[in-house]
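Worksheet for the structure shown next.
In this text, all values refer to a predicted model and were calculated from it rather than measured experimentally.
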Amino acid sequence: MSMSDEKIPYKIYLEENELPKQWYNVRADMKKKPAPLLNPATGKPCTLEDLSRVFCEELAKQELDEDTPYIDIPKEIQDFYKMFRPSPLVRAYFLEKKLGTPAKIYYKFEGNNTSGSHKLNSAIAQAYYAKKQGLKGVTTETGAGQWGTALSMACSYFDLDCNVYMVKVSFEQKPFRREVMRTYGAKVTPSPSTTTEVGRKILEEFPGTGGSLGCAISEAVEAATTKEGYRYVLGSVLAQVLLHQSIIGLEAKAAMDKYNIKPDIIIGCAGGGSNLGGLISPFMGEKLRGEADYRFIAVEPASCPSLTRGTYAYDFCDTGKVCPLQKMYTLGSGFMPSPNHAGGLRYHGMSATLSELYDQGLMEATSVEQTAVFAAAEMFARVEGILPAPESSHAIRVAIDEALKCKETGEEKTILFGLTGTGYFDMYAYGAYNDGKMSDYIPTDEEIAKSIANLPKIEG
Ligand SMILES: *Cc1c(COP(=O)(O)O)cnc(C)c1O
């Protein structure tokens with residue numbers, strides 16, 4: 001196979017006038033909608049007023065809007081997108097050749113910006129609506145730092161104050177991301193901290209703790225709701241984030257339509273579900289409306305398997321139990337992946353929209369072990385040149401496995417996967433893999449059952 005015997009270019013870009021001007025809200029085409037968010041204080045569905053206390057008002061409206069299929073992307077956001085969009089849709093000719101597969105593999109690469117991931121697509125939208133509301137700033141949490149980095153870039157563009165609560169162990173062990181955030185003007189606080197009541201309480205109870213994402217969320221929410229002119233923003237899981245991330249799928253679909261390419265299988269890694277939801281949304285819309293059919297595959301780590309081994313029920317979105325309750329596939333809000341888990345995607349639950357689509361059998365899910373994920377990452381880096389994020393490599397693993405199945409059957413399937421970002425800040429994890437020191441850990445049924453036993457008792 002050579003690159004020249006195909007009419008398809010190695011990279012398909014869209015022209016500026018072909019870029020999407022609206023996001024697509026897949027909930028509008030779902031006959032059975034995701035279950036409503038519940039107010040943790042009352043147990044009743046969240047109202048606009050409830051959500052607007054925590055989130056920017058326009059974002060709260062987007063969160064509750066399950067009927068409008070297309071929502072205009074404000075001009076200012078379209079302009080910002082031009083700095084790093086369209087993202088390329090790449091035909092993985094070199095990977096196909098390496099695998100000797102008749103399958104045609106495409107990937108949509110979202111790592112081409114300083115934050116190194118797709119998260120900037122939603123960060124800029126959230127910062128825009130905060131600015132438009134006249135707020136002084138936003139607060140958020142970050143673990144490994146991808147979301148905090150993206151948000152700090154977005155806030156500096158709109159001259160907004162950006163307060164990031166960063167899990168203390170990451171703050172200390174990942175100084176590079178911390179400094180990228182500070183370079184963009186963010187204030188980065190190691191969590192737990194003494195700046196919030198919940199932080200002080202946790203420090204008293206567990207002096208010397210390295211912190212956790214759940215704790216950082218609780219601090220960020222407290223900081224937003226107790227300070228005049230601030231709101232809390234979140235980088236995944238919520239319907240508003242899937243909406244903003246639909247730019248990935250809209251661009252991918254427009255690029256494929258341009259060359260009459262129809263994917264058979266669409267694959268994405270799934271942490272909270274935002275990149276996967278964004279990638280599949282327009283294709284899923286066609287499936288829901290009966291216009292086309294596709295196979296969708298969510299890929300999660302075997303060490304944090306919310307879709308494949310979780311329970312579909314109402315649960316807390318955070319360990320501190322301050323955020324709205326969401327019906328989703330969950331391992332329980334107290335679930336902690338094993339400490340040797342290095343591949344990201346550590347969230348205990350899954351987007352409510354994706355959970356509902358999965359429950360209706362419209363999407364498949366599979367889980368993969370981290371050594372197999374890093375083996376796929378290494379092969380991809382060596383033949384395609386891009387050093388992928390460990391998260392993204394979950395999708396690479398399953399794309400390779402599907403392409404190898406085609407090799408056996410001789411089928412020329414077209415595979416599309418989301419390459420969400422680059423892995424330059426994950427070199428400790430790559431180091432463990434290179435040294436042969438990486439191991440796989442799969443939680444036992446008992447461990448999962450123990451965590452599930454603490455789900456809130458809510459019918460739904
Ligand atoms: C955050 C992140 C993910 C996972 O988040 P989703 O919301 O599930 O998309 C995947 N890849 C990269 C590079 C990330 O930074």
Item to complete: Apply salt bridge (Lys or Arg N to Asp or Glu O under 4.0 Å) to Asp445 and Arg309, showing your working.
Response: CA-CA 9 Å; Asp445 289 342; Arg309 294 176 68 199; 2.8 Å; yes

Fill in: Side-chain donor-acceptor contact under 3.5 Å, Ser236 with Trp147
no

Item to complete: For Ile105 and Leu99, run side-chain contact (heavy atoms from CB on, under 4.5 Å): C-alpha distance rounded to whole Å, both residues' side-chain angles, the deciding distance at 0.1 Å, then the answer.
Response: CA-CA 11 Å; Ile105 308 174; Leu99 298 172; 4.1 Å; yes

Discussion item. For Phe109, run the side chain to side chain contact (heavy atoms under 4.5 Å, CB included) check against Leu419, Leu89, Thr420 and tell me which one passes.
Written reply: Leu419

Worksheet item: Side chains of Gln126 and His244: donor-acceptor distance under 3.5 Å anywhere?
Response: no

Worksheet item: Considering residues, nucleotides and ligands other than Glu291, do more than 12 of their heavy atoms fall under 6.0 Å from its CD?
Response: yes

Worksheet item: Do Tyr329 and Tyr358 have ring centroids that are under 6.0 Å from one another?
Response: yes

Item to complete: Report the C-alpha separation of Phe374 and Tyr430 in whole Å, then their side-chain angles, then the decisive distance to 0.1 Å, and conclude whether the ring-ring contact (aromatic ring centres under 6.0 Å, His included) test is met.
Response: CA-CA 7 Å; Phe374 277 82; Tyr430 272 95; 5.2 Å; yes

Worksheet item: Taking 4.0 angstrom as the limit, do Glu356 and Lys32 come out as a salt bridge?
Response: yes

Practice prompt. Mind listing the closest non-hydrogen atom pair of Ser367 and Thr308 along with its distance?
Written response: CB-OG1, 3.9 Å

Worksheet item: Between Met166 and Ser191, is a side-chain contact (heavy atoms from CB on, under 4.5 Å) present by the stated rule, with each step listed?
Response: CA-CA 6 Å; Met166 186 170 190; Ser191 167; over 6 Å; no

Discussion item. Quiz question: by atom type and distance under 3.5 Å, do the side chains of Glu141 and Tyr232 form a donor-acceptor pair?
Written reply: yes

Worksheet entry | Working for side-chain contact (heavy atoms from CB on, under 4.5 Å), residues Glu251 and Ser87 | CA-CA 8 Å; Glu251 277 185 11; Ser87 73; 3.7 Å; yes

Fill in: Short side-chain to backbone donor-acceptor contact, Ser115 and Ala150, under 3.5 Å
no

Fill in: Centroid separation Phe158 to Tyr129 less than 6.0 Å
no

Practice prompt. With Lys108 as the cation and Phe417 as the aromatic partner, state whether NZ or CZ is under 6.0 Å from the six-membered ring centre and within 45° of the axis.
Written response: no

Worksheet item: Does Tyr13 have Lys258 sitting over its ring (NZ/CZ under 6.0 Å from centre, angle to axis within 45°)?
Response: no

Worksheet item: Considering the options Arg85, Glu110, His118, which one meets the side chain to side chain contact (heavy atoms under 4.5 Å, CB included) requirement together with Ile247?
Response: Arg85

Practice prompt. Look at the side chain of Thr422 and the backbone N and O of Tyr424, then say whether any donor-acceptor pair between them is shorter than 3.5 Å.
Written response: no

Worksheet entry | Spacing of Ile71 atom CD1 and Leu243 atom CG [to the nearest 0.5 Å] | 4.5 Å

Worksheet item: Would you say the side chains of Asn163 and Thr139 form a donor-acceptor pair under 3.5 Å?
Response: no

Practice prompt. Could you verify whether a donor N or O on one side chain and an acceptor N or O on the other, from Glu447 and Thr444, lie under 3.5 Å apart?
Written response: yes

Item to complete: Answer yes or no: is there a donor N or O on one side and an acceptor on the other, between the side chain of Arg178 and the main chain of Pro190, under 3.5 Å?
Response: no

Practice prompt. Work out which heavy atom in Ile265 is nearest to a heavy atom in Glu402; give both atom names and the distance.
Written response: CD1-OE1, 3.6 Å

Worksheet item: Roughly how far apart are Met284 CE and Asp29 CG, rounded to 0.5 Å?
Response: 11.0 Å

Item to complete: Test salt bridge (Lys or Arg N to Asp or Glu O under 4.0 Å) on Lys104 and Glu96 and set out the steps.
Response: CA-CA 7 Å; Lys104 300 178 171 69; Glu96 291 170 18; over 6 Å; no

Fill in: Axial cation check for Tyr10 ring with Arg91, 6.0 Å and 45° limits
no

Discussion item. Apply salt bridge (Lys or Arg N to Asp or Glu O under 4.0 Å) to residues Glu378 and Arg382 and explain how you reach the verdict.
Written reply: CA-CA 6 Å; Glu378 184 191 83; Arg382 290 182 185 181; 3.4 Å; yes

Worksheet item: Between Gln245 and Asn275, do the side chains contain an N or O donor and an N or O acceptor separated by less than 3.5 Å?
Response: no

Item to complete: Check whether the ring centres of Phe380 and Tyr107 lie less than 6.0 Å apart, and answer yes or no.
Response: yes

Discussion item. Just so I know, are the side chains of Met153 and Thr114 near enough to count as touching, which here means a heavy-atom distance under 4.5 Å?
Written reply: yes

Item to complete: Compare every heavy atom of Pro324 with every heavy atom of Cys317, then report the nearest pair and how far apart it is.
Response: SG-O, 3.5 Å

Worksheet item: Taking atom types as modelled and ignoring hydrogens, do the side chains of Asp440 and Gln370 form a donor-acceptor contact shorter than 3.5 angstrom?
Response: no

Practice prompt. Would you tell me whether Lys168 and Thr209 have side-chain atoms, one donor and one acceptor, within less than 3.5 Å of each other?
Written response: no

Fill in: Residues Glu369 and Thr371: side-chain donor-acceptor under 3.5 angstrom
no

